[in-house]
Amino acid sequence: MAHAAAHHPAVLHADLDAFYASVEQLLDPALRGRPIAVGGNERGGVVLAASYEAKAHGVHGGMAGWRARQLCPSITFVRGHFGEYQRLADAVMAVLADITPAVERISIDEAFLDITGATHLFGTPREIGRRIRAQVRHEVGLPISIGGARTKHLAKIASQVAKPDGLVVVEPGTEQTFLDPLPVGLMWGVGPVTERALTSEGIRTIGDLARARPKDVERLLGHATGAKLSALSHDEDPRRVSTGRVRSVGAQSAMGRNTPTSQSVRSVLNHLADRVAGRMRAKHRAGRTVTVRVRFVPMRSVTRSLTLDAPIATTLTLTEVAEQLVWQAISDQERPSEAMPEISLLAISVSNLVPQHVIQLELPLPPADPRRPGSATGVARWALDQSVDAIRAKFGTDVVDYLPAALGRRRGVPEEFRELAEHEL
DNA sequence: TCTGGGGTCCTAGGACCC
DNA sequence: TCTGGGGTCCTAGGACCC
C-alpha cells in the first residue's frame with residue numbers, strides 16, 4: 001500500500017540566510033534593503049555577518065572592518081543583539097521540531113532533519129520544505145533556505161544552491177545530474193587548500209571529481225580525504241541524521257601582542273580554565289587530555305598537550321596543567337637572543353571527555369609540577385568550584401570573576417558573542 | 001590595515017602491547 | 001639465523017566548518 005517513494009530516506013537541510021544580519025534588519029526596519037555588517041567598524045575589528053546587500057559588494061563574515069568599508073563605502077556597521085539571535089534561532093528550531101524529533105542542530109542557525117517518517121503526515125519533502133519556510137517567515141519573520149535530498153551531503157549542497165530564501169529538492173534518481181556541473185568548492189570538506197590541489201589537476205566540478213580515479217584522488221589529497229570526496233562525488237554519503245556527542249570543550253583569548261610574564265599567563269589561563277571547566281561541570285563532563293595553543297608574533301601557532309591518568313573538571317587543576325604546557329611551549333621556541341618571544345593568543349581545550357555525574361577526586365598534579373604551598377586538595381578544589389557555580393547560578397556570571405581588571409576592558413569580542421558561540425554546540 | 005571564537009576530523013611518527 | 005604484524009594510544013600539526 002505504501003508508495004515506494006515513501007521509503008526513500010529523505011533529509012532536509014534548513015539554513016537561515018545571513019542570520020545575524022537578517023535579525024538586525026528584522027529588528028530595525030530602517031536597515032532593510034541596505035548593506036550592513038554585524039560586528040567590526042571602519043577602523044578594524046571583525047565582521048561577524050554581512051547582509052546580502054553587503055555580500056553583493058564582496059563583504060563576508062571574518063573580514064576585517066576596514067576592508068568591508070573599502071569594498072562597500074555605504075555599509076552600515078551595527079552592534080549585535082546576541083540575546084535576540086539565540087531567542088529567534090530557538091524559535092526556528094521549534095518550528096523544525098514540530099515536523100519531526102529527528103533534528104540535528106549543527107550550529108545556531110542550521111539543522112538537518114530526517115523526514116523519512118514525517119512524509120506520511122506532512123507530504124513530500126518539497127511540501128514539507130514549503131511549509132517550514134512559510135511558517136518561519138510568518139511566525140519568526142526570517143528568510144530561510146532549505147535543501148532536500150536522500151543524503152545529508154546533497155541536502156546541504158541543495159540549500160546552498162537554494163540561497164537566498166529558496167527551496168531546492170533533488171529528486172531521487174537525479175542526484176548525479178544535479179551534482180556534476182557544480183564546483184567542487186561546494187562540497188562539504190573542500191576548503192581553499194583542497195580546492196587548489198584539485199584545480200591543479202584540472203578538477204573543477206564535482207563531475208570532474210566523479211570521473212577521476214579514486215586512487216589518483218587519494219594520492220593527491222591523502223587517504224581519508226580522497227576516499228571521502230570520491231564517494232561524495234558519486235553521491236555516496238553514509239552519514240545519518242543524529243545528535244552527536246561533544247568531544248571537546250575549549251576557550252581562547254586573543255591578546256594583541258604581549259610579552260608573557262608569570263602573572264599575565266597565569267591570570268589569562270585562570271580565566272580560560274574557568275570558562276572551560278565551568279561548562280564541563282554544567283554538562284557533567286570531565287576530561288583527560290588538556291591541550292593548549294600559543295600563538296606567537298607573527299601568527300605562528302604551536303600546541304602542547306598532556307593526557308592525564310584521571311579526568312579533571314576543576315578550574316584550579318586545569319589552570320595548573322595549562323600553565324605548565326604553555327611555559328613548555330614557550331621555552332621550546334628557538335630565539336636568537338635572550339628575549340622572551342611575544343605571544344598574541346592563548347587557548348585551552350579539554351578532550352577525551354567522560355560523563356561525570358558524581359564527585360570524583362582528582363589526582364592532584366603531574367609529578368613534574370612544583371606544588372605550591374597551600375595548594376588545595378582535589379576535594380577542596382571541587383568544593384570551591386561547586387560554590388562558585390552555585391553563586392553564579394543565583395546571581396549571574398559576573399559576580400565571581402577570575403578575569404584581572406587589566407583584561408576586563410577592550411576585549412576583542414563582546415562577551416555575549418562568546419556565550420553565543422558556546423551555545424552553538 | 002591587521003586579522004574572533006568554538007568546534008570536528010585526519011595524518012604521521014613513536015611508544016607500547018600481545 | 002636478523003628484524004612479524006596488528007592494534008591502540010599519545011602528541012603535534014593542519015584543513016575545514018559555522
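- Residue-to-nucleotide proximity on DNA chain B shows that, of A/G61 and A/G222, the 5′-proximal contact is made by A/G61.
- The side chain of A/V193 lies closest to C/dC16, out of C/dT11, C/dC16, C/dA12.
- Within the 3.5 Å criterion, the main-chain N or O of A/K156 finds a donor-acceptor partner in the side chain of A/S159.
- The CZ atom of A/R275 sits 16 Å away from the P atom of B/dG4 (whole-angstrom rounding).
- Relative to the side chain of A/R247, the nucleotides B/dG5, B/dC9, C/dA12 differ in distance, and B/dC9 lies closest.
- In this structure, of C/dT11, C/dA12, B/dT8, it is C/dA12 that holds the atom nearest to the side chain of A/Q328.
- Considering only side-chain N and O atoms, A/T291 lies nowhere under 4.0 angstrom from the phosphate OP1 or OP2 of C/dA12.
- Residue A/A224 is classed as a sugar-phosphate contact, given heavy-atom separations below 4.0 Å to backbone atoms only.
- Cation-pi contact between A/R304 and A/W327: absent, since separation from the ring centre below 6.0 Å together with deviation from the ring axis within 45° is not met.
- Between A/Y20 and A/F82, the ring-plane angle classifies as perpendicular under the 30° and 60° cut-offs.
- Across all strands shown, A/K156 has heavy atoms under 4.0 Å from sugar-phosphate atoms exclusively, and none from any base.
- One atom, CG of A/L306, and another, C1' of C/dA12, lie 13 Å apart when rounded to the nearest Å.
- At the heavy-atom level, A/E110 lies under 4.0 Å from the strands shown only through sugar-phosphate atoms.
- Residue A/D332 is out of contact with every strand shown, counting any heavy-atom pair closer than 4.0 Å.
- A close approach under 4.0 Å does not occur between any side-chain nitrogen or oxygen of A/R304 and OP1 or OP2 of C/dT11.
- Rounding to whole angstrom units, CG of residue A/L186 and C1' of C/dC16 are separated by 15 Å.
- A/R295 comes within contact range of the sugar-phosphate backbone alone, with a heavy-atom separation under 4.0 Å but no base atom that close.
- With rounding to whole Å, A/Q160 atom CD is found 16 Å from C/dC16 atom P.
- The nearest whole Å value for the distance from the CE atom in A/M187 to the C1' atom in C/dC17 is 15 Å.
- Across every non-hydrogen atom of A/A210 and A/S233, the tightest pair is CA-OG, 3.3 Å.
- The residue A/R288 sits close only to the backbone: its heavy atoms come under 4.0 Å of sugar-phosphate atoms, none of a base.
- One finds no side-chain N or O of A/N352 lying less than 4.0 angstrom from the OP1 or OP2 phosphate oxygen of C/dC9.
- One interatomic measurement links the two molecules: NE2 of A/H223 to P of B/dG13, which rounds to 15 Å at whole-angstrom precision.
- Using P as the reference atom, C/dC17 and B/dT3 are 24 Å apart when rounded to the nearest Å.
- At a threshold of 4.0 angstrom between heavy atoms, the contacts of A/R67 with the nucleic acid are absent.
- Residue-to-nucleotide proximity on DNA chain B shows that, of A/W66 and A/V46, the 5′-proximal contact is made by A/W66.
- Distances shown here put a side-chain N or O of A/T194 below 4.0 Å from the OP1 or OP2 atom of C/dC16.
- Under the 4.0 Å criterion applied to side-chain N and carboxylate O atoms, A/E104 and A/R240 are not assigned as salt-bridge partners.
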Per-residue pairing states of DNA chain C in dot-bracket (Watson-Crick or G-U under 3.5 Å; . unpaired, | other strand) read ....||||||||||||||
> Is there a salt bridge (Lys or Arg N to Asp or Glu O under 4.0 Å) between A/D17 and A/K163 once you walk through the steps?
Replying inline: CA-CA 7 Å; A/D17 299 326; A/K163 279 183 178 297; 2.6 Å; yes
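- Between A/I108 atom CD1 and B/dG6 atom P there is a gap of 14 Å when expressed in whole angstrom units.
- Considering all non-hydrogen atoms of both residues, A/S248 and A/S351 come closest at CB-CB, 3.9 Å.
- The two residues A/A329 and A/V302 make their nearest non-hydrogen contact at CB-CG2, 3.9 Å.
- The nearest whole Å value for the distance from the CG atom in A/D309 to the P atom in C/dC10 is 10 Å.
- Here the closest non-hydrogen pair linking A/I146 and A/L12 is CG2-CD2, 4.1 Å.
- Candidate nucleotides C/dT11, C/dG13, C/dC18 were compared by shortest atom distance to the side chain of A/S305, and C/dT11 ranks first.
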